[in-house]
Amino acid sequence: MEIIGGSCRFGLWFVHVWWNDKTVHRVRFSRTGIPGGVPELIQRYCAGHVLNLSQLDTPAIREDTVYSRIYRAVQQVPYGSTSTYGEIAAGSGTSPRVVGQAMARNPVPLVIPCHRIVAAGGIGGFSSPLEIKEALLSMEKKGLRKGVK
DNA sequence: AACGTACACTTAT
DNA sequence: ATAAGTGTACGTT
């Protein structure tokens with residue numbers, strides 16, 4: 001099946017998604033939108049609904065590699081909570097530094113919620129503006145508090 | 001194929 | 001505050 005691209009709004013940014021059916025191949029953030037739609041789940045997530053995007057399928061978690069193991073561990077982190085690089089490392093049999101690398105190269109943010117992984121002593125980093133990581137976390141926190149919205 | 005360097009970190013001085 | 005330790009990837013020999 002052919003991969004289609006689309007975007008949807010998230011706060012000040014646009015989320016670009018390349019996907020087909022229930023499989024998401026690539027996600028990235030941008031200041032500008034592109035034509036086309038995104039999976040309904042992602043649309044609703046961006047609108048503030050409390051839902052776990054890890055139910056979406058992505059090739060990145062199917063490989064038999066260290067990164068895939070890490071990504072699967074990251075997907076276990078529930079909406080609105082956070083984990084640390086160290087914890088993910090322990091859970092996937094590697095080292096924190098590697099987790100950082102995996103996050104930095106994450107092809108599908110949101111689907112693999114790398115924004116929920118923070119440093120032991122602070123928020124840690126983010127490839128796109130750190131602002132986005134903070135916005136996502138505070139949105140999730142807010143969503144939990146309110147129940148749904 | 002080996003080698004050096006770079007990392008979105010951590011833990012121990 | 002600083003440094004040593006960590007596992008993997010990537011570019012350069």
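To find a chain, count down the sequence lines: A is the first, B the second, and so on, and within it residues start at 1. It should be emphasised that the depicted structure is a prediction, and the values quoted were computed from it without experimental measurement.
Environment of CD in A:Gln55: crowded, with over 12 heavy atoms of neighbouring residues, nucleotides or ligands closer than 6.0 Å. Residue-environment remark: CD (A:Glu63) exceeds the threshold of 12 foreign heavy atoms within 6.0 Å.
A:Leu56 has its side chain within reach of A:Ile42: a pair of non-hydrogen atoms, C-beta onward, lies under 4.5 Å apart. Using a 4.5 Å cut-off on side-chain heavy atoms (C-beta onward), A:Val98 and A:Ile70 make contact. A:Pro39 has its side chain within reach of A:Val17: a pair of non-hydrogen atoms, C-beta onward, lies under 4.5 Å apart.
Paired regions of DNA chain B, where each region holds three or more successive Watson-Crick or G-U pairs whose two hydrogen-bonding distances fall under 3.5 Å, are B:1-7 with C:7-13, B:9-13 with C:1-5.
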Item to check | Reading 5' to 3' through nucleotides 8-13 of chain B, protein heavy-atom contacts under 4.0 Å coded B for base, S for sugar-phosphate only, - for none | outcome: BBS---
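Shown here for A:Cys46 and A:Arg9, the closest heavy-atom pair between the two residues is CB-O, 3.4 Å. Contact record, A:Tyr71 with A:Ala60: CD1-O, 3.6 Å, taken as the closest heavy-atom pair.
No donor-acceptor pair under 3.5 Å is formed between the side chain of A:Lys133 and the backbone N or O of A:Cys114. Side chain of A:Ser30 to main chain of A:Phe14: no donor-acceptor pair is present (N/O by atom type, distance under 3.5 Å, no hydrogens or angles).
Taking the six-membered ring where the residue is Trp, A:Phe126 and A:Phe29 present tilted rings, their angle falling between 30° and 60°.
Contacts with DNA chain C (heavy atom under 4.0 Å) in residues 59-73 of chain A: A:Val66, A:Tyr67, listed by number.
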